[in-house]
Structure formats: C-alpha cells, structure tokens
Amino acid sequence: MVSTLDEQRAHGGPGTHDVTNQAPPLTPYDASDDAALLEGLRREGAGWAEEDLRRLGRQAGSAQAQEWADLANRHEPELRTHDRYGNRVDEVEFHPSWHHLMRTAIGEGLAASPWADDRPGAHVVRSAGGLVWGHTEAGHGCPTSMTYAAVPALRRQPELAKLYEPLLTSREYDPVLREPTEKRGLLAGMGMTEKQGGSDVRTNTTAATPTAEPGVYTLRGHKWFTSAPMCDLFLVLAQAPGGLSCFLVPRVLPDGTRNTFRIQRLKDKLGNRSNASSEPEFDGTVAWLVGPEGQGVKTIIEMVNCTRLDCVMMSAALMRKSLVEAGHHARHRSAFGARLVDQPLMRNVLADLALESEAATTLTLRLAGAADRAIRGDEGEAAFRRIATAVGKYWVTKRGPAFTAEALECLGGNGYVEDSGMPRHYREAPLLSIWEGSGNVNALDVLRALSREPGTAEALFGELALARGADARLDAAVTRLGTGLSEASPTTARRLVEQMALTLQASLLVRHAPPAVAGAFCATRLGGDWGHAFGTLPESAGLDAIVERALPGGAG
C-alpha cells in the first residue's frame, strides 16, 4: 500500500517520507491458479472436481483465510491439565482461527471423506485440495492427515471400522470431547514413537495387558511425539503378549468417562506451532486391539503410505506458496531501474524455483493417482505406489528447506520479518522431512522394498519406460539408475534414491509439461548443466516461458 505524506500527517504519522516501491498485499489471490496442478488433476482422473478446487483456491487465497493462518500460529495452543476443582482434564485450547481452518478443511473433504466416495479420483481430489488449502498453514494438516490415514488401518478390525468409519469420513467438524458415537464427526491421531527408540518402534516398552473382555486391553507406558492430542481416537503401538501390536485408544470411553490419557507437556517446536504435539502417558488406559497380536507394524503400514503421501503433498504446497509470494514481490518491487521480475538473474532464480515446484506438484498428483487406483485394486499401481511414495517422501521433503530459504531471499529483508509469513514457511519446511521417517529411514525403506518386493522395481522402470526416447538425457539417467540398483548398499542409499526421484520427476515432466519446463529440468537435474544453488540455470533455458507458466495470472 502506498500512502502520501499528507495522508500520513492526517493520521498522526511522522510524515517524513512517502512509502513507495513496496509490494501491495498478495491477498486476495487464487491458490488454484497453477497450470501444473490443474493439468495433473485432469490427467489423474479427477477433473470432475475442478470447479470445487477453484472455489477452494479462491478461499485459500482470501484475506480471511490468510488471517486465520497467521492468528492460529501467533496464538499457540495451550495445555490445561486440570479444571478449577483439581480434576484431571488433559485438554488443549486453541485459538478460534484454528477451528475455522479445521472446519473448512474437513468440510472440503481433506480428512477421511474420500474413503466413503466411490468416484474414481476421489483420493486425487483430496491431495489436490491439500495442495491448494496448504496455502493457508500446515499445522492443521496434521490431524486431517492422521484421520485420513487411520481408516485403512482400522479396517483390519471390521467391527471397529463399522462403528467408527462413518464418523471418521464425516465432513462435519465437532471439536468437543465426548463419547465418540454421539458426535457428528471424529478425528483420529496416532501415537507410535517413544523416548528410547523414535522410529525404531520395535523397542517400544508400553505394555498391553489383556482383560477378561476379548479384544480389550489396558495400556501402561508413554508416547514421545503424539500430535493433535484433542483427537477423539488414537492408533497406538504397544507390546502385547504376542508382540508389538496396534491398538485403538479413545479419549472418551463408551460409558462417557474420560480414558486415562495424561498429557505431560506440549512440545516447544521449531515450526508447526499452531498444532499441539504432546507427550501422553497411559496408566490403565483402555484400548481395543486392531489387527492380530504381534502384527502392529504390518497393521500401520497402510497408514504410513497415506501419511508419507501427505508429507510430499504438503512440501509441494509449501513450495508453491513460497514461489507465489516470491513472484508477487518480484513483480512489484523495482531495483536498479527495473522490476525485479524483469532482472535477468532474478528471473533465473524464479524459473529455477518454478521447475522445482512443478516437479514436486506433478509427482504429488501422480502418487495420489497411484494411491487412488491401488485402493481400488490395481496391483501394478500398488507396487508403483509402494516404492515411489517412499522415493518422493525422501526427495521432495528434502528440497523444501532449501526452496523456502531461496524464496524468502527473493523478498530480501522484507521476507525476514514475521509479518511477511515467510519465516513461518521456512520453519515449517524441515518437519515434513522428519515426520513419518527421516531421510535415512525412507532411503533404507526404498532398499527394503527393492529387495523384498521385486515387483516394485519392475513398476518403477515400467513408469520410466513411458518416456523412453523423448529425451536423451532422461534415457541415459534411466540406464545409470539400472546400474545403480545392482550396486545398491545402505551406505549409498541416499544417492540412489535421489537419482530415482530426479529420474522419475524428469520422466513425468517430459511426458506432461511444456518443452521449456521439461528441457530445463533434464538439462539441469539430469544433464549436470547446473550450479549448486537455485538460480543457476543455463543461458539456453527458456526462462520467460517457465516463469510465465508458473506465476498466477502470467509473469507480467
């Protein structure tokens, strides 16, 4: 906003200078105005939802939704362990803006509703909606993601699924804790890790003791990083007599009394601060067995596939949001006689970021399409999903922190202040690499899939073969990848998975993106004509075409 000296003086300002050469507010804008997103939505069989996605995009980019995002992070959740009379309540209180965000997300089907939607592409629509609504803030994406992921695990115990799935797939947000079956909609969380093991959940010490009632146990122990403790139900791992097992823990029991779920504290986190992450303790906590005893890890594998996809999706959403912010600033800020967006080197930076963003978005939607078809019984897509989701989780989430740092730098000092929102994006980015297995966990999981599930390699190379002959650099990368698989070892797992991710992204862009985008990606990410930071594209890259495609409303 530009104000004159007279206006400043009229409002009691110092009137020492005019405010010029500053970008106007970005809002309102359309968060769905993204060619790669819309093309991917149609390509993956979900074009029927485009009108709704565009409506959600306008809402995500509205001043109101962006204010909700800001306020939910400025006013962090507060733990209330006891009521005024000394009774243990273990409740977390949130700013109203958190509830506005949650109500919208659930109402738009971004939690578990796709499991109740028979239309092909329903799970793609959810991921596309996350890419768009992710322009608000990421914290509330945690409970919606866990609720989505809980459904396939819960189906391992049909009687529990019959009772709770209709409420988990509801589009109604009902945040008050009470007996689950009396609510209009439910949220699910998960509690897997413990202090002594982290991702090594087989070292868990929480004990599950059978009761006289079949399938009902009591738990005693703790969890180290349990997000969204105000969810209604939790899937947790504990050691039963038959080994590590999965259990359903409700916050409120069927008789209306509170289950023992003592929240010791909330985590003081780097980012994701709108979302409460807690350390709960169990002591006589009532739980229902999900799946057979001793098969806890096997039971939650489908949950992991779902939440890893959401990590990829949220990283891609964060990249896109950061790019939009950087592009908006560059369009309206001038330096050295020209707008930043017209400065050749800034245009190189924006184009390089645009390549990375489009590759992440395109891969996200391909993974969502694979998930949708795998859920509907396509075995080939299930094999591709198994390996490609772990590959995407490793690589896209790794790119997020570097990407957001570069986008922040495009705004200079204006991007370093909290009011810009860019510091929040920067703090958020590392979480998505840590959640659901850090880089090493995912890289080693790829090796595990390759060695134990031979169909995964076949599925990956079958996908890459669809682009054979379209780009010599891609063909050479596929050949190198085949050699790399034969020489794979834990020591070099990261290098192999990086190569797999870049080759897969390049193959998708060669098939589906404009030549300028696909050519520049192959030349830099596969051909080596690139530096070590963003903004090092070669002179021959079609910068104008790349930037024009990437920025909402065109580059000008």
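Heavy atoms only: backbone and side chains are in, while hydrogens, waters and symmetry mates are out.
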Engineer: Is the side chain of Lys393 donor-acceptor paired with the backbone N or O of Gly437 at a distance under 3.5 Å, no angle test?
Structural biologist: yes

Engineer: Measure from NZ or CZ of Arg494 to the centre of the six-membered ring of Tyr394, then state whether that distance is under 6.0 Å and the direction lies within 45° of the axis.
Structural biologist: no

Engineer: Mind checking the OG1-CZ spacing from Thr362 to Arg43? Nearest 0.5 Å is all I need.
Structural biologist: 6.0 Å

Engineer: Distance only, no hydrogens: is a donor on one side chain within 3.5 Å (strictly under) of an acceptor on the other, for Thr27 and Gln66?
Structural biologist: no

Engineer: Any sub-3.5 Å donor-acceptor pair from Thr536's side-chain atoms to Ala533's backbone N or O?
Structural biologist: yes

Engineer: Quick one: does any side-chain atom of Asn442 pair with a main-chain N or O of Ser438 as donor and acceptor, under 3.5 Å?
Structural biologist: yes

Engineer: Give a yes-or-no answer on whether the side chains of Asp30 and Ser32 include a donor-acceptor pair shorter than 3.5 Å.
Structural biologist: yes

Engineer: Give the intermediate values and the outcome of side-chain hydrogen bond (donor to acceptor under 3.5 Å, both in side chains) for residues Asn272 and Arg427.
Structural biologist: CA-CA 8 Å; Asn272 204 250; Arg427 291 192 298 268; over 6 Å; no

Engineer: Looking at Asp471 and Leu474, would you say the former's side chain and the latter's main chain have a donor-acceptor pair under 3.5 Å?
Structural biologist: yes

Engineer: Any side-chain heavy-atom pair from Ile387 and Met500 closer than 4.5 angstrom?
Structural biologist: yes

Engineer: When you check the gap from the basic side-chain N to the acidic O, do Glu498 and Arg480 get nearer than 4.0 Å?
Structural biologist: no

Engineer: Is there a donor-acceptor contact under 3.5 Å from the side chain of Thr524 to the main chain of Leu537?
Structural biologist: no

Engineer: With distance as the sole test, does Glu325 use its side chain to make a donor-acceptor pair with the main-chain N or O of Ala407 at under 3.5 Å?
Structural biologist: no

Engineer: Looking at Asp352 and Gly535, would you say the former's side chain and the latter's main chain have a donor-acceptor pair under 3.5 Å?
Structural biologist: yes

Engineer: How are the rings of His99 and Phe94 set to each other: parallel, tilted or perpendicular (split at 30° and 60°)?
Structural biologist: perpendicular

Engineer: Mark yes when over 12 heavy atoms from residues, nucleotides or ligands other than Arg55 sit less than 6.0 Å from its CZ; otherwise mark no.
Structural biologist: yes

Engineer: Between atom CG of Leu110 and atom CE of Met313, what is the distance when rounded to the nearest 0.5 Å?
Structural biologist: 7.5 Å

Engineer: Between Ser274 and Glu76, do the side chains contain an N or O donor and an N or O acceptor separated by less than 3.5 Å?
Structural biologist: no

Engineer: Suppose we screen for side chain to side chain contact (heavy atoms under 4.5 Å, CB included). Which residues come up paired with Glu381, at least two apart in sequence or across chains?
Structural biologist: Arg366, Ala370, Arg373, Asp378, Phe384

Engineer: Between His140 and Trp133, do the side chains contain an N or O donor and an N or O acceptor separated by less than 3.5 Å?
Structural biologist: yes

Engineer: Does Ser433 reach the main-chain N or O of Lys398 with its side chain, forming a donor-acceptor pair under 3.5 Å?
Structural biologist: no

Engineer: Supply the atom-to-atom distance Trp435 CH2 to Ser315 OG, rounded to the nearest 0.5 angstrom.
Structural biologist: 11.0 Å

Engineer: Test your reading of the model: is there a side-chain donor-acceptor pair from Asp232 to the backbone of Leu187, 3.5 Å cut-off?
Structural biologist: yes

Engineer: For Asn414 and Gln22, which I'm curious about, is there any donor-acceptor pair between the side chains at under 3.5 Å?
Structural biologist: yes

Engineer: Run the side chain to side chain contact (heavy atoms under 4.5 Å, CB included) check on Leu38 and Leu53 step by step: do they pass?
Structural biologist: CA-CA 9 Å; Leu38 297 175; Leu53 188 69; 4.1 Å; yes

Engineer: With distance as the sole criterion, is a donor-acceptor pair present between the side chains of His135 and Tyr29 under 3.5 Å?
Structural biologist: yes

Engineer: Using modelled atom types only, decide if a donor and an acceptor are shared between the side chain of Asp372 and the backbone of Gly121 within a distance under 3.5 Å.
Structural biologist: yes

Engineer: Are Lys269 and Ser277 close enough that a side-chain donor and a side-chain acceptor fall under 3.5 Å?
Structural biologist: yes

Engineer: Please report whether the ring centroid of Trp115 lies less than 6.0 Å from that of His123.
Structural biologist: yes

Engineer: Pair Tyr416, Met422 - check side chain to side chain contact (heavy atoms under 4.5 Å, CB included), show working.
Structural biologist: CA-CA 7 Å; Tyr416 202 69; Met422 297 299 282; over 6 Å; no

Engineer: If you count every heavy atom of other residues, nucleotides or ligands that lies below 6.0 Å from Tyr426 atom OH, does the total exceed 12?
Structural biologist: no

Engineer: Identify whether the distance between the nearest side-chain nitrogen and carboxylate oxygen of Arg549 and Asp544 falls below 4.0 Å.
Structural biologist: no

Engineer: At what distance, to the nearest 0.5 angstrom, does CG of Leu509 lie from SG of Cys522?
Structural biologist: 7.5 Å

